[in-house]
Number of protein chains: 2
Amino acid sequence: MRSLLDVQRRLLPDFLTVMQKRYDILRYIKNMQPVGRRSLAISLNLTERTLRSEVDFLKDQKLIHVSSSGMLLSEEGEIILEKLEGIMREVMGIDLMEQDLKRQLSLGEVIIVTGDSDQSPWVKSELGKACANRMKQEWTGKNIIAVTGGSTMAEVAEMLTPDHESKDLMFVPARGGLGEDVHNQANMIVSKMAEKANAFYKVLYIPDQVSKEAYLSFMKEPTIKEVISLIKSANIVVHGIGDALAMAQRRKTGPEVMKVITEGNAVGEAFGYYFNENGDVVHKVKTVGIQLADLDQARSVIAVAGGKSKAKAIRSYMKTAPASTVLITDEAAAKELLKG
Amino acid sequence: MRSLLDVQRRLLPDFLTVMQKRYDILRYIKNMQPVGRRSLAISLNLTERTLRSEVDFLKDQKLIHVSSSGMLLSEEGEIILEKLEGIMREVMGIDLMEQDLKRQLSLGEVIIVTGDSDQSPWVKSELGKACANRMKQEWTGKNIIAVTGGSTMAEVAEMLTPDHESKDLMFVPARGGLGEDVHNQANMIVSKMAEKANAFYKVLYIPDQVSKEAYLSFMKEPTIKEVISLIKSANIVVHGIGDALAMAQRRKTGPEVMKVITEGNAVGEAFGYYFNENGDVVHKVKTVGIQLADLDQARSVIAVAGGKSKAKAIRSYMKTAPASTVLITDEAAAKELLKG
DNA sequence: TCTGTCGGGACTTTTTATGTCCCGGTTATA
DNA sequence: TATAACCGGGACATAAAAAGTCCCGACAGA
C-alpha cells in the first residue's frame, strides 16, 4: 500500500489533496448530518460553490443522500468512510510525524522520508534527495553554502542536480580538517556538490599535524584567509549529525580527547562539536570555520541524519540547534525520537 | 492495496483513468524510445495536444527526458513504471481476468500480459518473457522440452536466459516438418532456445517432397529414430496457436487440403492440427513427433498466443486442450475470449 | 545540402471550475 | 398558523484550465 501511495504521489500529485478533501467532507457530513450546504461550507472552509461540486460528485457516487432537510451519509458512504479512516491515517502519518517532531524539537521545519537508513541503503539516497530538493528552495540569488562531511552528506551531493537557471552558488566546507577519512571529507563533498550542481566551490586544506608556527603562518596565507572569510559569510549551512562515539572513533581522536568524550557521556556530534544528552557541548574540535554560535547568522541551517541508531544523536544536538533549523530525517529515526 | 484501490475507484474514479493514461504513455515511451511527440500520439490514439500536456507533466516530474531526438524514460521513470506494472494489473483487473479465463476454458493456469500483440510489437516480447519465466518454473531436474515454430515462439526463444544452475535441459522440435518458413521453423527455434538457455538440443530435418521409399528408409536411420524417441518422451511441450487460414497459407498447403480446411470451417491451428469452432480436428498434417493424444503424457503443456485476432483460434483449440494446459496470452485476446 | 522529424512557442477555441444570485420548498419555532 | 431560517438546485457570468491549430528553428540522417 505504501508503494502504491508513493507511485500515486508521483504520478498524480493532487490526488492526495482531493482525496483528503473528499474525506473531510464525508467526515463532516457524518458528524453534522443532516447538514446544509452553506453551513457545511463554512465548517470546512470551502466556498459554497466548490463544496457544491464535490457534493454533486458524492451524490453521483451514491455516497451521500441529499434531501430537503440536508445531506446525510448513505450506507455505502459509511463503509467507504470507514475504510478511508485507515487509509488517511497511513497517508497523513508522515505529515503528522513531521508536525509533531517540529513541535517537540522546536525546529523551523521537519522533513521525513519513509524507511530506515540503518536497514535499507536506498533510504539514505532518499534522504539525500529530500535534502537536495530542500536546498534548492533556498537558492534565490547569490548563495554561499557551507557543508560538512559524512556519508549522508555524500548522498546529498550525489543527489544534487543543476538548476534550470544557473544560479550564483558557491560551496565551501563548513569547518577545517576534523581528521576525517578523505572519502567522505567535507572538501570532497564540496567539490562533488559543485560538480553536480554546476556551481563554484572552494576547498580548505588545513595541515593536520604541524608545528604551531607553521600552522600560524599557513593561516596567514591570503588564499586561505579568503576561503575562511567566505565560509564565515555563508548564508546556508548543511550538515550531518553523527553518533558521538562512532564519529570520534572514525576520526583520529587522541586518547585524552576520547576520555573527555566518553566521560562526558557525549551521544551526538555535529560539525566537530560533541553533545551530551542535555545538549551541552562536551568537546569541540578546534579548527577554523563555522562555529556553533555562527549558525544563528546563517539564513538557513539544514541538518540531515537518518536511521533509528541516530535518534539519540539527533535529539542531543537539537537541544542547542538554532530554532530555524530544518531537520531532514527518516521514518525510523522520527519514530524513535517521538517515542520520548 | 486491494481495498485502497476499491476506495479510490469510488472516490476518485477519474484519477484512475488518468493514472492509466500516464501508465500507457510511459509504457509506450519505454518501448519506442527515443520517440517523438507526434508518432507517439498516433500510437496511443491521443491527440497531439493532450499528449503534449501529459508529456509536460511527466517532464516536470522527471520521469522522462526530452531531447531533440525524442523522449526517453528517465531512470526514475523506469522505477515508477515497474511499480506501476503491478498496480495496473490490479486496477485493470488482469488478475481477475486470469481467474475468469481459467475457469471459462477450464485450464490449469492462465497468464495475461497487458497490451495487444496485434497493435504493439513489444507485447509479443512481453508474451515471450512471460512464457520464458513460466517455463523456468518447470525446470527441476532433467527435462526434455518439445517446442513448435511460429513468430511468437521465436520471441519466447529470444527471451530465454540461462538459469543460475545449468540444469539438464534438452530442446527438441515437437513435430516434423510442417512446411513452414525456415526463419520461424521449429528447428530454428529449438537451436535458438538451446543457445539462449545454455542447454542441449536436437533438430529433426524431415525431407518434404520425396518418394515413399526414400522417406521410409530415412525414418529407419538410427539418428532420426533417436530424435523421435526423444520427442516422444518430452515432458514439457511449449507451442503457439495460430489462425487456421493464416497458418495454412503460410505453409505450403496444397489446394485439396486447403479445401478441407476452409470447408471444415477451421479457425484454429496448433502443431499441425486444424480445429473448427467446436474444437473438432478438421485436418492434421501427417508427420512424426508429438500427436494431439500424446499431450496428456507430458507433465506440462504451455500454449502461447496473443492479439485480439487470435482469440477465436485460441478458443477453438482450448476446447480439446489438456485440462492442465497453461495458457499465456495478452490482454486484448483475453478480453475477446471473455466476451464470449 | 536537403528532408523529415524533433520540441516547443504562440494563439484561439472549447471545456470545466468557480463565483454569485436567486427561487421555491421544507421545517422548526414563535 | 405565520414566519424566518435553512434546505437544494437552477441559472448565468467569469475565470481558469485544457485542447486544437499552426508554425518555427534545431537537428539527425540520407
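Every chain is numbered from 1, with letters handed out A, B, ... down the list of sequences.
The minimum heavy-atom distance between A:Val237 and A:Ala298, with the atom names listed, is CG2-CB, 3.9 Å. The nearest pair of heavy atoms linking A:Gly306 to A:Thr329 is CA-OG1, 3.8 Å.
Taking the ring pair (Phe, Tyr, Trp, His ring centres under 6.0 Å) definition, one finds that B:Phe57 meets it with nothing, sequence neighbours left out.
Going from atom NE2 of B:His65 over to atom P of C:dC6 covers 19 Å, rounded to whole Å. Between the P atom of D:dA17 and the CG atom of A:Asp14 lies a distance of 11 Å, rounded to the nearest Å. What separates CZ of B:Phe57 from P of C:dG7 is a distance of 18 Å, to the nearest Å.
Enclosure of atom CD in A:Gln104 by more than 12 non-hydrogen atoms of other residues, nucleotides or ligands within 6.0 angstrom is indicated. In the displayed structure, A:Gln137 atom CD is contacted under 6.0 Å by more than 12 heavy atoms of other residues, nucleotides or ligands.
An OP1 or OP2 oxygen of D:dC7 is reached within less than 4.0 angstrom by a side-chain nitrogen or oxygen of A:Ser39.
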*Would you give a per-nucleotide map of nucleotides 24-30 of chain C, 5' to 3', where B means the base has a protein non-hydrogen atom under 4.0 Å away, S means only the sugar-phosphate does, and - means neither?*
--S----
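The only member of A:Asp56, A:Ile42, A:Asn45, A:Leu46 that meets side-chain contact (heavy atoms from CB on, under 4.5 Å) when paired with A:Leu51 is A:Leu46.
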Extract all donor-acceptor atom pairs below 3.5 Å that involve side chains of residues 332-340 of chain B and protein atoms in other chains or at least two apart in sequence.
from, atom 1, to, atom 2, distance (Å)
B:Lys335, NZ, B:Glu331, OE2, 3.1
B:Glu336, OE1, B:Lys339, NZ, 3.4

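Stem analysis of DNA chain D (at least three stacked-register Watson-Crick or G-U pairs, each with both distances under 3.5 Å) gives C:1-30 with D:1-30.
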Would you tabulate the nitrogen or oxygen pairs shorter than 3.5 Å linking the protein to nucleotides 18-22 of chain C?
from, atom 1, to, atom 2, distance (Å)
C:dG19, OP2, A:Thr47, OG1, 2.3
C:dG19, O6, A:Arg49, NE, 3.2
C:dC22, N4, A:Arg38, NH1, 3.4

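Separating the CD atom in B:Glu90 from the CG atom in B:Asp95 is a distance of 5.5 Å, to the nearest 0.5 Å.
In this structure, the side chains of B:Val156 and B:Ile328 stay at 4.5 Å or more apart for every pair of heavy atoms.
Each salt bridge (Lys or Arg N to Asp or Glu O under 4.0 Å) pair with one or both residues in residues 115-128 of chain B, not counting sequence neighbours, appears once here: B:Glu126-B:Lys129.
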